[in-house]
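Order of the sequence lines sets the chain letters (A, B, ...), proteins ahead of strands, with each chain counted from 1.
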Amino acid sequence: MPEVNFKVFRGNSEGGEEVDYKVEVTEGMVVLDAMFQIQQTKAPDLAIRWNCKAAKCGSCSAEINGKPSLMCKTRLDTLDPSKPVTVRPMRAFPIIKDLVTDVSFNYRVNKTIPPFKPKPGTDWKMLQEDVDRAQEFRKCIECFLCQDTCHVLRDHAKHEQFGGPRWLIRAASLEMHPLDVEDRIPMIREKLGIGFCNITKCCTEVCPEEIHITDNAIIPLKERVVDRYYDPIGKLIRIFTGNK
Amino acid sequence: MAEVRNAPGTQPLTPGKAGLGVTQRQDPWWAEWLGTVVGLGILGVYAFVAAEMGKGQWGPYLSPFYSPEFLQLPKLFHVATLPAGIPIALIPLVVILGFRGTCYYYRKAYYRAFFADPAGCAVGEARTDYAGETRWPWLIQNAHRYFMYLATIALIFLWFDTVVAFFPGVGGHSEFGSVNFGLGSFVMLLNVILLSGYTFGCHSLRHLIGGKNDCMSCEPSRLAGWKAASKFNAKHMQWAWASLFWVCATDLYIRLGGLGYLQHVEKWGGWH
């Protein structure tokens with residue numbers, strides 16, 4: 001059977017190194033299979049976070065050949081077998097061990113987003129076209145690859161000022177909900193720091209669920225922020241017409 | 001199979017500055033970056049130079065950089081100025097640059113290409129003082145909808161210029177015949193079609209026409225507008241590049257014609 005050389009990061013918060021492992025490749029293997037083989041035959045202490053192996057739980061996020069990807073969704077036949085395959089942990093989050101990172105930052109950001117708030121006495125009937133937009137965002141599996149590739153978090157470490165694309169799409173799914181009456185625009189601007197996003201679309205490029213994060217969530221939210229804070233003529237028109 | 005221990009990894013393990021261009025990506029990520037630098041660079045410089053050169057008219061054809069025609073009257077051209085000191089003749093260029101410079105697609109393109117912010121996904125950056133679009137001058141990006149309004153007005157003039165190219169009498173140019181199905185007419189027609197596709201896919205337009213509503217079904221006409229804008233928006237990048245290229249090509253065609261290089265091309269169906 002053909003062998004492929006893997007360079008897998010081994011280490012913890014104090015440091016680490018890439019370690020070479022040779023893996024026997026069979027048809028249909030994904031990178032996560034290769035990590036299992038390493039665990040079973042060479043390094044039983046290799047730390048990996050995984051769960052469904054079906055690209056639906058969002059657990060096995062890593063950086064494969066430098067690209068934020070799901071290990072269970074990256075087939076080996078899509079990679080060049082003549083070169084070593086590097087597998088490293090997500091860089092935007094603190095490392096715990098080997099390929100496992102501490103993603104608790106995300107859950108802290110999530111708690112700051114005001115939850116769904118319907119009008120008192122809401123009629124719960126909704127038309128499909130009213131919830132189409134929010135349903136796209138509900139596909140998110142919280143793999144946090146978008147957070148990992150976002151340069152605002154990854155390179156500029158603005159974790160205190162910027163919530164990241166995952167939480168902007170959650171905010172968008174609530175803001176666009178036809179029955180929600182909560183006003184999140186000030187917190188989207190101030191706490192989630194939407195102005196830090198310069199729409200370079202890396203989040204959209206890596207999303208395994210192919211959610212149009214930038215075009216359908218972040219930019220519409222930016223436009224709602226413009227409505228509120230940067231469009232004096234629109235504001236005047238709304239005052240005189242009484243429209244939203 | 002023995003394990004081989006390597007030197008420590010080259011990337012930091014925690015978020016933070018990695019260094020310009022530092023990445024472990026093995027794919028040719030730089031190809032898109034290079035293509036954008038070259039494409040935007042060439043077309044951007046051409047647009048500046050063309051708008052400054054004058055002579056953007058050939059027979060019934062008016063270069064898109066010089067529309068509307070009344071701005072090019074000798075009394076106005078490079079003489080009259082706006083309060084900011086901008087010659088009135090350059091208003092079309094200001095509108096084009098403003099609309100495209102604040103466009104959500106082009107922002108991605110030039111932040112990546114010219115500011116390496118980042119040059120590619122998961123590719124390191126050099127800057128340490130990043131503030132995104134939270135400070136001047138980048139706060140101007142929030143004025144995109146205003147440039148969209150101006151660009152829509154400019155687009156109406158461009159459609160009028162195209163009608164004039166086909167029917168010169170409409171624009172007071174009956175010396176070029178009543179009907180002119182010249183190659184230049186079709187060059188201009190394709191130009192306004194591409195510019196319309198780009199404008200109708202504008203993210204701001206998509207928001208204002210219906211995207212700002214939470215209850216989409218409450219206003220069916222706005223929902224229809226939003227759906228139509230969304231269709232154009234899905235290919236906004238393609239419309240952006242095609243229209244940018246063709247607006248420069250249209251200007252070049254009219255410019256070369258005005259200099260006498262293309263007369264034979266127009267003879268088969270044009271005004272000659």
Side-chain angles (χ1 to χ4, degrees), chain A residues 7 9 11 13 15-22 42-43 63 65-68 80 83 86 88-89 91-95 127 129-130 149 151-159 175-178 180 193 195-202 205-206 215 219-220 223-224 226-227 229-231 234 244, chain B residues 1 3-9 11-18 23-27 29 104-105 107-108 111-112 115 117-118 120-125 127-128 130-135 138-139 141-146 203-204 206-208 211-218 223 233-234 236:
Chain A
K7 286 179 175 290
F9 181 83
S13 58
E17 59 195 353
E18 285 175 0
V19 178
D20 281 4
Y21 298 101
K22 292 232 183 296
K42 301 177 184 74
E63 300 193 0
N65 283 347
K67 289 177 86 169
D80 181 356
K83 292 179 183 170
T86 62
R88 297 177 65 93
R91 216 188 100 204
F93 307 110
I95 188 167
L127 295 181
E129 56 203 13
D130 289 328
T149 199
H151 71 126
V152 184
L153 300 174
R154 181 189 183 86
D155 287 292
H156 301 292
K158 299 277 184 191
H159 295 68
E175 273 302 286
M176 294 176 187
H177 196 291
D180 178 81
F196 281 96
C197 171
N198 68 343
I199 38 184
T200 40
K201 283 198 170 184
C202 290
E205 285 186 21
V206 300
D215 288 321
I219 293 173
E223 286 295 317
R224 287 179 186 222
V226 173
D227 282 342
Y229 297 100
Y230 299 105
D231 182 4
K244 185 184 169 189
Chain B
M1 286 165 282
E3 293 177 9
V4 180
R5 296 220 163 241
N6 296 321
Q11 280 188 312
L13 288 171
T14 50
K17 189 179 167 188
T23 183
Q24 287 206 327
R25 285 182 62 174
Q26 296 178 2
D27 59 318
W29 61 267
Y104 286 98
Y105 165 68
R107 276 144 80 173
K108 170 202 164 186
Y111 285 139
R112 284 196 188 193
F115 295 90
D117 226 357
C121 301
V123 175
E125 297 175 30
R127 288 179 58 171
T128 54
Y130 179 82
E133 296 180 340
T134 62
R135 291 186 204 153
W138 303 116
L139 277 174
Q141 309 287 26
N142 292 310
H144 183 52
R145 62 183 58 176
Y146 289 102
H203 290 85
S204 287
R206 184 182 179 224
H207 168 76
L208 293 164
K212 67 195 299 182
N213 284 358
D214 292 338
C215 178
M216 303 296 271
S217 62
C218 295
L223 174 61
N233 181 266
H236 199 44

Item to check | Closest non-hydrogen atom pair between A:Ile199 and B:Glu133, with its separation | outcome: CD1-OE2, 4.3 Å
Checklist entry - Is the closest basic N to carboxylate O distance between A:Glu223 and B:Arg145 below 4.0 Å? => result yes
Checklist entry - Relative to chain B, which of A:Asp215, A:Val206, A:Thr149, A:Thr86 shows the most heavy atom pairs under 4.5 Å? => result A:Asp215
Checklist entry - Quick one: what part of B:Asn233 sits under 4.5 Å from any heavy atom of chain A, side chain, backbone, both or neither? => result side chain
Item to check | Max heavy-atom pair count under 4.5 Å with chain A, selected residue of B:Trp138, B:Tyr104, B:Trp29 | outcome: B:Tyr104
Item to check | Region of A:Leu127 in contact with chain B, defined by heavy-atom distances below 4.5 Å | outcome: side chain
Item to check | Proximal component of B:Tyr105, with respect to chain A [non-hydrogen, under 4.5 Å] | outcome: neither
Item to check | B:His207 and A:Asp227: side chain donor to acceptor below 3.5 Å | outcome: yes
Checklist entry - Where do A:Phe9 and A:Pro89 come nearest, in terms of heavy atoms and distance? => result CB-CD, 3.7 Å
Checklist entry - With respect to chain B, which residue among A:Pro178, A:Cys197, A:Gly193, A:Pro68 yields the maximal number of heavy-atom pairs within a distance under 4.5 Å? => result A:Pro178
Next on the checklist: Strictly below 4.0 Å, N to O, side chains only: are B:Arg25 and A:Glu205 in salt-bridge contact?
Outcome noted: no
